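Right, one structure below, let's go through it.
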Amino acid sequence: MRKLIAGNWKMNGLLAELEDVAAISEAVAAHPSVDTALCIPATLIRPAAGRFADMAIGGQDCHMAVSGAHTGCVSAEMLADAGAKLTIVGHSERRAAQGESDADIRGKALAARRAGIAAIVCVGETEAERDAGQAEAVVLHQLTGSLTDDATGDWLSVAYEPVWAIGTGRIPSVEDVAAMHAAIRAALVARFGAGGADIRILYGGSMNGENAASLLAIPNVDGGLIGGASLKAEKFLPIVAAAASA
Ligand code: PEP
């Protein structure tokens, strides 16, 4: 399976930062064996999407409706119209700050499919849930509720992102990542049959140039979702290079 390395710029990036997108796009072109994407603020999608061919440009969220009275929201059709090829849905920052439920996230994933773009569906446990021995149960519950019945690997990826590892510089042990990704894979195969083996499972949470090679070598780690290290080419490129040699 080709690995996918997707960046998440979160609420960072003005038009002036398009030069950083350009630098990242040029750098990742050296690794055509890896699928790469950059999920940037909605305001930058149109100027970025037409300009950089080596890397998919995506959004970070979408509304489940096509259009309507949803002030401040962006639909999947609007993302596609702006040139996005994918969107993240269900990031833990949105689950926590916007109170998004698994059903909301399932609706957003369906919206992405309806609009003809790919979806990265995020799941992950909090530190308290891990400490309580509930990590796998929490993640598998989120997975069941957040995925649509027609999930296939050509438009959907899962990102396992332990909440306590996001932006903290802490990562789970190789054994813990391996166990969680194996559990997610087993759940995908149980639900979707052989097609569940083709759905990429990304790891996200403080992945960087130093730890990427060991994380990406773990069975069932089919790529990464990268926050902080995706903002600059010199931090993102070593992760893409690690994926190319994994
Ligand atoms: C994220 O927010 O999805 C993420 C993985 O962030 P970071 O890489 O900064 O931990």
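Every number for a ligand or one of its atoms is a count from 1 in the order of the listing. Owing to the predicted nature of the structure, the values given are computational and were not obtained by experimental measurement.
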Test: E127 and R170 ion pair at under 4.0 Å: yes
Could you tell me whether K10 atom NZ has more than 12 heavy atoms of other residues or ligands within 6.0 Å of it? yes
For the residue pair N211 and S214, confirm or rule out a side-chain donor-acceptor distance under 3.5 Å. no
Short side-chain to backbone donor-acceptor contact, E17 and L14, under 3.5 Å: yes
Of R200, R185, R2, the residue whose pairing with D222 passes salt bridge (charged side-chain N to carboxylate O under 4.0 Å, His left out): R185
Would R51 and E26 pass as an ion pair if we require N to O under 4.0 Å? no
Report all N/O contacts between ligand 1 and the protein shorter than 3.5 Å as a table of atom names and distances to 0.1 Å; if there are none, say 'none'.
residue: ligand 1; atom: 2 (O); partner: K10; partner atom: NZ; Å: 2.5
residue: ligand 1; atom: 2 (O); partner: H91; partner atom: NE2; Å: 2.8
residue: ligand 1; atom: 3 (O); partner: H91; partner atom: NE2; Å: 2.9
residue: ligand 1; atom: 3 (O); partner: E161; partner atom: OE1; Å: 3.1
residue: ligand 1; atom: 3 (O); partner: E161; partner atom: OE2; Å: 2.7
residue: ligand 1; atom: 6 (O); partner: G227; partner atom: N; Å: 3.4
residue: ligand 1; atom: 8 (O); partner: G227; partner atom: N; Å: 2.8
residue: ligand 1; atom: 9 (O); partner: G228; partner atom: N; Å: 2.8
residue: ligand 1; atom: 10 (O); partner: G167; partner atom: N; Å: 2.7
residue: ligand 1; atom: 10 (O); partner: S206; partner atom: N; Å: 2.7

